[in-house]
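A short worksheet on the structure shown next.
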Amino acid sequence: MGILRIGHVSLRVLDMKAALDHYINVIGMYKVMEAANGHVYLKCWDEWDKYSVILTEDKEAGMNHLAYKVEKDSDLDDLKKKIEAYGIAAKIMPEGTLPSTGRMLQFNLPSGHDLRLYAQKEYVGTEVGTTNPDPWPDNKHGAGVHWLDHALLMCELNPEKGINKVAENTKFCTEVLDFFLTEQIVVGPGGAIQAASWLARTTTPHDIAFVGGPRNGFHHMAFFLDSWSDILRAADIMGKHKTKIDVAPTRHGITRGETIYFFDPSGNRNETFAGLGFLAQRDRPVSTWTEDKLWTGVFYHLGEPVPSFTEVYT
Amino acid sequence: MFYDSRPKFQVSVNQTGEVYACAVGESLLAGMIRLGRRGIPVGCVNGGCGVCKVKVSAGRAEKLGPISRAHVTEDEENQGFALACRFGPASDLSLDVVGKIQKAFGIGLSK
Ligand code: FES
Ligand SMILES: [Fe+2]
């Protein structure tokens, strides 16, 4: 069946102590292990696999790699063939390359972002377990996010030079990885340029998204919350911790998600994302946002350009 | 503006002629934001994104925290380049804004 869902993000941070304070006390994750190389692994309370974020201390902020979980081990071999047939190099990294994780299929998206697929990760269970589970655990803390929901990657878009990594990634992800397009932004004469795209494998409006910008990079990773009241509470916690909020609670037109954009202490953007949005299905018609209304798509209430959305990322 | 008793230095933004008082221990960017001023682009305010890159042309700045080397290398730092969100004033100083406004979605300037 191929890709199930987003698995984890490996992120570079400038200061591990500050990063842990943020991801644990603001976001509400749990530290699950620290590897000998100092990398720290974290999970959210409603996730059952061992980790969903890896923090690595570095001299630069940004993303090392993004990983998705596939259903069956044989999916890795099948997808390796498809990716290679498409003309992209792919390699198998042996089990144990990352702790508690099975073998990984590694390749770069047309934009150059490092993507990994894996079928196995150590099962540890959610914080509420599987027998008569409570709706939330007593040790919930911070914003108490449920799970890592999606990632948005910035992709080089330079129409004058004929470079559009958004369109290239979208084509590759739909044709080879079997994602389906849910929404897009088109610009230019006749809407000929695909400037952003949202793609799904699950029934949520997106599991990955690509937005055109001056250079490739990491735009954000998002964590799921139930409702608008949880978003308000998350913003309260950010105020309490002096977290730098980029865009205060509002709604996206695209995905209909209720959102806060904010930065971790190394300048990597995070999002808390709430609401179902809509039921994503393969036969659901794609929503298209046009050049004159694209900022309404990005931030529905004000509908005005927010320069940081396309200019500020790691 | 509320009364603020902290010791301060004057910061001048060369391109815009903007001058503001930045407190000791406060970042050049935070001081500008606190006063509702403009001139230096504001991004992550945490040393990671590089949009607040400046070059100190006169006076001294002190480093307040780690910065992403993707945006200011050690060499550049020695030449006076800085991220305004991670450097504070160590004297009155003047700076040039280096970070530039980019095209949004490939279709012209967003402001
Ligand atoms: S605002 Fe992002 S590095 Fe200063
Ligand atoms: Fe998002």
Side-chain angles (χ1 to χ4, degrees), chain A residues 12-16 18-19 22 57-62 156-161 163-164 166 185-188 193-196 211-215 217-219 242-246 261-269 289 291-292 294-295 298 304-314, chain B residues 16 23 25-34 36-54 63-78 81-88 97-111:
Chain A
R12 294 186 293 271
V13 297
L14 304 174
D15 176 342
M16 183 61 82
H22 173 81
E57 199 172 66
D58 209 320
K59 287 186 177 325
E60 299 180 4
E156 190 181 356
L157 173 63
N158 189 335
E160 283 107 55
K161 287 194 185 146
I163 298 169
N164 187 349
V166 171
I185 290 174
V186 297
V187 301
I193 300 165
Q194 188 178 44
V211 168
R215 60 181 170 86
F218 174 71
H219 190 275
K242 304 276 176 284
T243 305
K244 172 59 187 169
I245 292 180
D246 179 26
Y261 278 157
F262 53 103
F263 294 106
D264 82 1
S266 304
N268 296 304
R269 190 186 277 97
W289 297 79
E291 191 168 319
D292 56 323
L294 71 86
W295 285 107
V298 177
E304 291 167 356
V306 176
S308 66
F309 184 77
T310 50
E311 290 163 20
V312 175
Y313 53 98
T314 55
Chain B
T16 61
E26 174 179 60
S27 77
L28 301 170
L29 195 65
M32 184 194 79
I33 296 168
R34 177 173 52 76
R37 301 293 186 82
R38 291 163 159 260
I40 308 171
V42 179
C44 68
V45 193
N46 280 325
C49 73
V51 300
C52 68
K53 188 170 179 175
V54 296
K63 198 172 181 180
L64 303 174
I67 58 172
S68 174
R69 292 297 177 198
H71 302 294
V72 177
T73 63
E74 276 170 53
D75 266 5
E76 286 181 312
E77 189 178 335
N78 294 333
F81 287 96
L83 294 179
C85 66
R86 290 287 211 211
F87 283 76
V97 174
V98 180
K100 56 181 180 298
I101 304 301
Q102 307 272 7
K103 285 182 177 183
F105 299 103
I107 48 159
L109 302 178
S110 56
K111 69 171 189 189

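In what follows, every chain begins at residue 1, and chains take the letters A, B, ... in the order their sequences are listed. Because the structure is a prediction, the values reported are computed rather than measured.
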Minimal non-hydrogen separation, Asn46(B) against Leu14(A), with atom names: O-CD1, 4.2 Å

Proximity breakdown for Val186(A) and chain B, heavy-atom pairs closer than 4.5 Å: neither

Proximity breakdown for Phe309(A) and chain B, heavy-atom pairs closer than 4.5 Å: side chain

Test log, rule ring-ring contact (aromatic ring centres under 6.0 Å, His included), inputs Trp295(A) and Phe105(B): CA-CA 10 Å; Trp295(A) 285 107; Phe105(B) 299 103; 5.5 Å; yes

Under 3.5 Å donor-acceptor, Asn268(A) side chain and Gly48(B) backbone: no

Glu311(A) CD to Cys49(B) SG distance, which is reported to the nearest 0.5 Å: 10.0 Å

Under 4.5 Å from any heavy atom of chain B - which part of Asp58(A): neither

Heavy-atom proximity to chain B below 4.5 Å, by part of Ile193(A): neither

Heavy-atom pairs under 4.5 Å with chain B, option from Ala61(A), Gly217(A), Ser266(A) with the top count: Ser266(A)

Test salt bridge (Lys or Arg N to Asp or Glu O under 4.0 Å) applied to Lys59(A) - qualifying residues, sequence neighbours left out: none

Reported SG-to-OH distance for the pair Cys44(B) and Tyr261(A), which is rounded to 0.5 angstrom: 15.5 Å

Contact origin within Glu304(A) toward chain B - heavy atom pairs under 4.5 Å: neither

Partners passing salt bridge (Lys or Arg N to Asp or Glu O under 4.0 Å) against Glu77(B) (at least two apart in sequence or in another chain): Lys63(B), Arg69(B)

